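Contents: one structure, followed by commentary.
Note that the structure is predicted; figures quoted are calculated from it, not measured. Residue numbers start from 1 in every chain, and the chains themselves are labelled A, B, ... in the order their sequence lines are given, proteins ahead of strands.
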There are 2 protein chains.
Amino acid sequence: MSDNVRNDLSDDAGAQASVFAALGDETRLLLVAKLAHRSPQSITQLTTGSKLTRQAISRHLRVLEDVGVVGSARRGRESLFAYRPEPICGIAAYLDLVAKQWDQSLARLKSIVEA
Amino acid sequence: MSDNVRNDLSDDAGAQASVFAALGDETRLLLVAKLAHRSPQSITQLTTGSKLTRQAISRHLRVLEDVGVVGSARRGRESLFAYRPEPICGIAAYLDLVAKQWDQSLARLKSIVEA
DNA sequence: AATTAACGCAACAATTCTGTTGCATATTAA
DNA sequence: TTAATATGCAACAGAATTGTTGCGTTAATT
């Protein structure tokens with residue numbers, strides 16, 4: 001039973017790690033925050049206020065898009081990016097599993113101590 | 001009000017990003033899962049079953065320790081590592097903020113459409 | 001005391017990541 | 001049509017990451 005939980009955690013660790021890695025950069029995390037706050041926005045809009053080049057922002061957006069945290073579509077001469085909730089819901093659920101697993105570990109320890 | 005949320009998200013984005021970055025690696029994610037499942041464990045124990053060297057695992061553990069996801073203590077000739085929930089609770093809360101911000105964004109869009 | 005086990009440190013190569021620059025293309029505006 | 005805007009592609013340098021190997025130190029075992 002507790003082994004099932006561990007297997008759940010081990011199974012797609014690779015896929016989950018990609019999402020964490022995509023969020024593991026301050027610039028990208030700020031981009032996600034911006035897009036969660038207001039979508040869609042163009043690359044130029046998202047570059048405004050940053051010290052980085054448009055190209056750098058563009059690259060970061062690609063990284064986020066590769067893991068599905070944002071989506072993009074071309075409209076006229078601009079690329080519009082929008083926040084996509086699914087992957088982040090996924091890792092939130094993953095973190096819940098870790099926390100739950102830890103709770104069970106504590107409960108097990110507690111029962112040993114009390115035995 | 002909604003600006004407060006955005007500021008909350010922007011403020012310590014750097015610190016949060018470090019935690020995400022630490023989890024953004026399959027090996028490290030598996031180590032966290034192992035330690036959440038059973039703590040404490042020595043480096044040698046944690047290396048068992050991995051294709052990597054003890055040194056590699058040791059480095060990964062340092063990365064996790066640097067962001068506080070795990071803690072370590074020397075006992076005799078071995079270093080024992082244990083899972084620490086605080087940072088992960090922190091990013092879980094952060095993700096909740098992002099999700100909430102997105103909900104508000106949707107609500108705002110909805111109210112515009114319905115106006 | 002000698003051997004084994006667990007670990008830390010440091011150096012090295014290979015790879016990946018970041019950000020910039022220069023140039024080309026496509027769309028909109030005047 | 002001409003000019004301005006928004007973007008994409010590719011090459012480059014610098015930095016950071018990853019994993020290994022070799023060696024030294026400390027602690028437990030026999």
Side-chain angles (χ1 to χ4, degrees), chain A residues 13-35 38-83 87, chain B residues 13-35 38-83 87:
Chain A
Q16 308 282 20
S18 314
V19 182
F20 282 117
L23 299 179
D25 177 282
E26 182 169 6
T27 299
R28 289 195 290 266
L29 209 46
L30 290 177
L31 285 173
V32 171
K34 272 193 184 184
L35 287 176
R38 181 180 308 278
S39 286
Q41 283 181 263
S42 71
I43 297 179
T44 298
Q45 279 180 307
L46 291 166
T47 302
T48 301
S50 169
K51 294 171 183 172
L52 299 184
T53 309
R54 170 184 59 85
Q55 290 296 347
I57 299 295
S58 186
R59 280 178 88 78
H60 282 298
L61 286 170
R62 299 297 170 191
V63 173
L64 291 172
E65 187 174 20
D66 283 345
V67 300
V69 172
V70 306
S72 76
R74 194 89 190 233
R75 193 188 61 180
R77 65 182 163 186
E78 56 192 355
S79 266
L80 296 181
F81 285 78
Y83 171 72
Chain B
Q16 308 284 18
S18 313
V19 182
F20 282 118
L23 298 179
D25 176 283
E26 182 168 7
T27 299
R28 290 196 288 268
L29 209 45
L30 290 177
L31 285 173
V32 171
K34 272 193 183 182
L35 287 176
R38 179 180 311 276
S39 287
Q41 283 181 260
S42 70
I43 298 179
T44 298
Q45 278 180 306
L46 291 167
T47 303
T48 302
S50 169
K51 295 171 182 172
L52 299 184
T53 309
R54 169 184 60 87
Q55 291 296 345
I57 299 295
S58 185
R59 282 177 88 74
H60 282 298
L61 286 170
R62 299 296 171 192
V63 173
L64 291 172
E65 188 174 20
D66 283 344
V67 299
V69 172
V70 306
S72 76
R74 193 91 190 230
R75 193 189 62 182
R77 67 181 162 185
E78 57 191 355
S79 266
L80 295 180
F81 284 78
Y83 172 72

task: Select from B:Glu78 and A:Thr27 the residue whose nearest nucleotide in DNA chain C is closer to the 5' end of that strand.
output: B:Glu78
task: Whole angstrom is fine here: how far is it from CD1 in A:Ile57 over to C1' in D:dA6?
output: 15 Å
- request: Provide, to the nearest angstrom, the distance between the CG atom belonging to B:Leu61 and the P atom belonging to D:dT18.
  value: 13 Å
- request: Name the nucleic acid region contacted by A:Ser42, choosing base, sugar-phosphate or nothing; use a 4.0 angstrom heavy-atom cut-off, strictly under.
  value: sugar-phosphate
query: For A:Thr53 and C:dT20, is the shortest distance between a side-chain N/O and OP1 or OP2 below 4.0 Å?
result: yes
- request: To the nearest 0.5 angstrom, please state how far the CG atom of A:Leu31 sits from the CG atom of A:Leu23.
  value: 11.0 Å
Report, one line per pair, each donor and acceptor closer than 3.5 Å where one atom sits in a side chain of residues 48-56 of chain A; sequence neighbours left out.
{"from": "A:Thr48", "atom 1": "OG1", "to": "A:Thr44", "atom 2": "O", "distance (Å)": "3.1"}
{"from": "A:Ser50", "atom 1": "OG", "to": "A:Leu52", "atom 2": "N", "distance (Å)": "3.0"}

- prompt: For B:Ser42 and B:Glu78, which heavy atoms make the closest approach, and how far apart are they?
  reply: CB-OE1, 3.7 Å
- prompt: Tell me: CG of A:Leu52 to P of C:dT21, nearest whole Å?
  reply: 12 Å
- request: Round to a whole Å and report the spacing from CD of B:Glu65 to C1' of C:dC7.
  value: 14 Å
query: Can you check whether A:Arg28 has a side-chain N or O nearer than 4.0 Å to OP1 or OP2 of C:dT18?
result: yes
query: Counting only side-chain N and O atoms of A:Arg77, is one of them less than 4.0 Å from OP1 or OP2 of D:dA4?
result: no
- prompt: Taking only N and O in the side chain of B:His60, is any of them less than 4.0 Å away from OP1 or OP2 of D:dG19?
  reply: yes
query: Roughly how many Å is it from CZ in A:Arg74 to P in C:dT27, rounded to a whole number?
result: 7 Å
statement: note: A:Arg62, atom CZ; C:dG19, atom P; distance rounded to Å ~ 16 Å
query: On a plain distance test, is the side chain of A:Gln55 in donor-acceptor contact with the base of D:dC9 below 3.5 Å?
result: yes
query: Is B:Thr44 near enough to C:dC7 that one of its side-chain N or O atoms lies under 4.0 angstrom from OP1 or OP2?
result: yes
- request: Report yes if at least one side-chain N or O of B:Arg54 is closer than 4.0 Å to OP1 or OP2 of C:dA5; otherwise report no.
  value: no
message: I'd like to know if the side chain of A:Ser18 and the backbone of A:Val67 have a donor-acceptor N/O pair within less than 3.5 Å.
response: no
query: Do any side-chain nitrogens or oxygens of B:Arg75 fall under 4.0 Å of OP1 or OP2 in D:dA27?
result: no
Separation of atom CD1 in A:Ile43 from atom C1' in C:dT27, rounded to whole Å: 14 Å
query: Between A:Ser58 and D:dG8, is there a side-chain N or O to OP1/OP2 distance below 4.0 Å?
result: yes
query: In whole angstroms, how far is the P atom of C:dT20 from the CZ atom of A:Arg59?
result: 11 Å
